[in-house]
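Report on the following structure.
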Amino acid sequence: MGAKGTFKIQIFLSCILLFGTMATKSLEIGYYRCTNTCPQAEEIVKGIVYKYVLQNPGLGAGLIRMFFHDCFVRGCDASILLDKSSHNPNPEKLAVPNNHSLRGFEVIDEAKSAVEHVCPGVVSCADIIAFAARDATYFLGKISYEIPSGRLDGRISIADEVKALPSPFHNLTVVKALFAAQGLSADDVVILSGAHSIGRSHCSSFRRRLYPVIDPTMDQKFGYFLRTKCPENAPVDGVVLQDFVTPSKLDTRYYRNVAELKGLFFSDWSLLTSSETVNLVHDFRTTPQHFETKFAESMVKMGNILMLPGTKGEIRKSCRAVNY
Ligand code: HEM
C-alpha cells in the first residue's frame, strides 16, 4: 500500500477515535471532517483569512484578539459578533474595549458566507472565529496547531458583561483573577500576552501613562516618543504599533519590550511584578523556541472556555444575528 493509502487510514482511524470519545468531550479536532458535515470548512476559512491578512496583517491581529474577547465573555460562542437588535439592544461589540477597536468582522462575514454556500446551516460562527484566529497565528507567527471544534453559537450578547475582560490599567492581581475565572493560569497570562507583539493600540489605552508625567514604570525615552504619537489634547484617538520593530510578526519581541519597560500597557509592565510571571517573561525573551508550543497550547485552552451552563446554542444563519 502506498503512502497515500496509509494517510487515508490514519485519518479514518483518528475520526473513529474521535467519535469514540464524543460522549465525554464536547469539542473535537476536525469535527466537520469527522462528522462529514462540512469536510471543507477549515480549508475555506483558511483561504479567506489568508487573502485578508496578506493585504493587511493588522486584520490577523484583530482576529486573534477577537477570539480572546469572544471566549472571555459567555465562552467561545460568537456573542462578540452579534449586532445591536431588539433581541440584544446593547451587545458586546458596542462596549468600550470593542467599539471602534476590534477589527476583522468582515473576514468572519465572508468566511461564513463561503462556508454556508457549500454546507448550509452546519458550521458555527464560534468555530469560524477559532479557525480564523488559528490561521492568523500561523500566518503571522508560523505557529501551527489544531483547534478542536463543534462549538455552538450563543443567542445573548450584553455589553456590560465585557467587564470579564482585563483592562490595560489593571495590575497583575486583577488580570490573574480574571484569567483564573476562565480556568486560565498565571502562565497563560504571560503566554497569551505575547500576542501584543502584533497589531496596534489606540492612544486612549495608555495615554494616562504619559501625562502629566511619564509613568516611572515606563522607559522615559519611550514615553517621550509615545508623546509625539499621542499628544495630550489630540482631537482624535490616534493609533500606534504595539511592537515598533517587528509589528506584523507574532514573535517574542514583546517580552523584550516588557523587560525593557517598553510595553504600552500598565498590565504589560505588571508581568514584571511577581516571580510567578517574571521568570517566564525572561525565559521567552532569552529562549524564543519555548514560546511557540506554549502559545499554541494556551490558544487551544482558551478555545475550550465553554458557554455558560444551561445556555441554549444554535448554528446561526448570519453571524451578526440570532436565528428567528
Ligand atoms: C492580559 C490582559 C490583556 C489586556 C489588558 C489587553 C489589552 C489590550 C488593549 C488595551 C489593546 C489595544 C486596543 C486598542 O486600543 O485598540 C490590545 C490589543 C491587542 N491584544 Fe490584548 N490584552 C490582553 C490580553 C490579550 C490576549 C490574551 C490576546 C490574545 C491572545 C490579546 C491580543 C491582542 C492583539 C492581537 C491586539 C492588537 C489588536 C489589533 O491590532 O487590532 N490580548 N490588548
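For the single chain, residues carry numbers from 1 onward in sequence order. Quantities reported herein were computed from a predicted structural model and do not represent experimental measurements. Because only heavy atoms are used, hydrogens play no part in the values below, and waters and symmetry mates are left out as well, while side chains stay in. One-based numbering, in listed order, for ligands and for the atoms of each.
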Write out the residue and atom name of the closest protein heavy atom to [atom], then the distance separating them to 0.1 Å.
| atom | result |
| --- | --- |
| atom 30 (C) of ligand 1 | Leu192 O, 3.6 Å |
| atom 24 (C) of ligand 1 | Phe68 CE2, 3.4 Å |
| atom 3 (C) of ligand 1 | Pro166 CG, 3.9 Å |
| atom 13 (C) of ligand 1 | Arg65 NH2, 3.4 Å |

Distance under 4.0 Å to a non-hydrogen atom of [X]: what atoms of ligand 1 satisfy this?
| X | value |
| --- | --- |
| Gln242 | 17 (C), 18 (C), 19 (C), 36 (C), 37 (C) |
| Ile198 | 37 (C) |
| Ser167 | 5 (C) |
| Pro168 | 5 (C), 10 (C) |
| Ala61 | 35 (C), 39 (C), 40 (O) |
| Ser201 | 12 (C), 14 (C), 15 (O) |
| Ala195 | 28 (C), 29 (C), 30 (C), 31 (C), 32 (C), 35 (C) |
| Gly62 | 41 (O) |

Heavy-atom proximity to atom 16 (O) of ligand 1, best of His202, Met302, His69: His202
Any chance the side chains of Ser185 and Asp188 put a donor and an acceptor closer than 3.5 Å?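 There is such a pair (donor and acceptor under 3.5 Å, judged by atom type) between the side chains of Ser185 and Asp188.
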Got a salt bridge between Arg74 and Glu92, using NZ or NE/NH1/NH2 to carboxylate O under 4.0 Å?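 Salt bridge flag = no for Glu92 with Arg74.
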Report yes if Arg103 has an N/O atom closer than 3.5 Å to an N/O atom of ligand 1; otherwise report no.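 Between Arg103 and ligand 1, an N or O pair is found under 3.5 Å apart.
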Under 3.5 Å between any N/O of Ser267 and any N/O of ligand 1: does that happen in this structure?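 N/O-N/O distance below 3.5 Å does not exist for this pair.
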Going through the distances and angles, do Asp127 and Tyr31 end up as a side chain to side chain donor-acceptor pair (under 3.5 Å)? CA-CA 10 Å; Asp127 279 340; Tyr31 174 78; over 6 Å; no
Say whether, by atom type as modelled, one donor and one acceptor occur between the side chain of Asp219 and the main chain of Phe222 under 3.5 angstrom. yes
Would you confirm whether Thr277, through its side chain, and Val190, through its main-chain N or O, come within 3.5 Å as a donor-acceptor pair?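 No, because the side chain of Thr277 does not come within donor-acceptor range (under 3.5 Å) of the backbone of Val190.
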Which one holds for [X] and ligand 1: side chain close, backbone close, both close, or neither close, with close meaning a heavy atom under 4.0 Å?
| X | answer |
| --- | --- |
| Pro97 | neither |
| Ser193 | side chain |
| Ser205 | side chain |
| Phe265 | side chain |

Any chain of hydrophobic side-chain contacts (each under 4.5 Å) joining Phe131 to Ile315? no
ILVMFWY network linking Ile198 to Leu264, side-chain heavy atoms under 4.5 angstrom: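 No, it is not one cluster - the side chains of Ile198 and Leu264 are not joined through contacts under 4.5 Å.
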Determine whether more than 12 heavy atoms belonging to other residues, nucleotides or ligands lie under 6.0 Å from atom [atom1] of [X].
| X | atom1 | value |
| --- | --- | --- |
| Gln220 | CD | yes |
| Arg256 | CZ | no |
| Lys221 | NZ | no |
| Lys51 | NZ | yes |

Tell me, which N, O or S atom in His196 is closest to atom 21 (Fe) of ligand 1? NE2
Row check, Phe284 ring normal vs Lys294 NZ/CZ: under 6.0 Å, within 45°: no
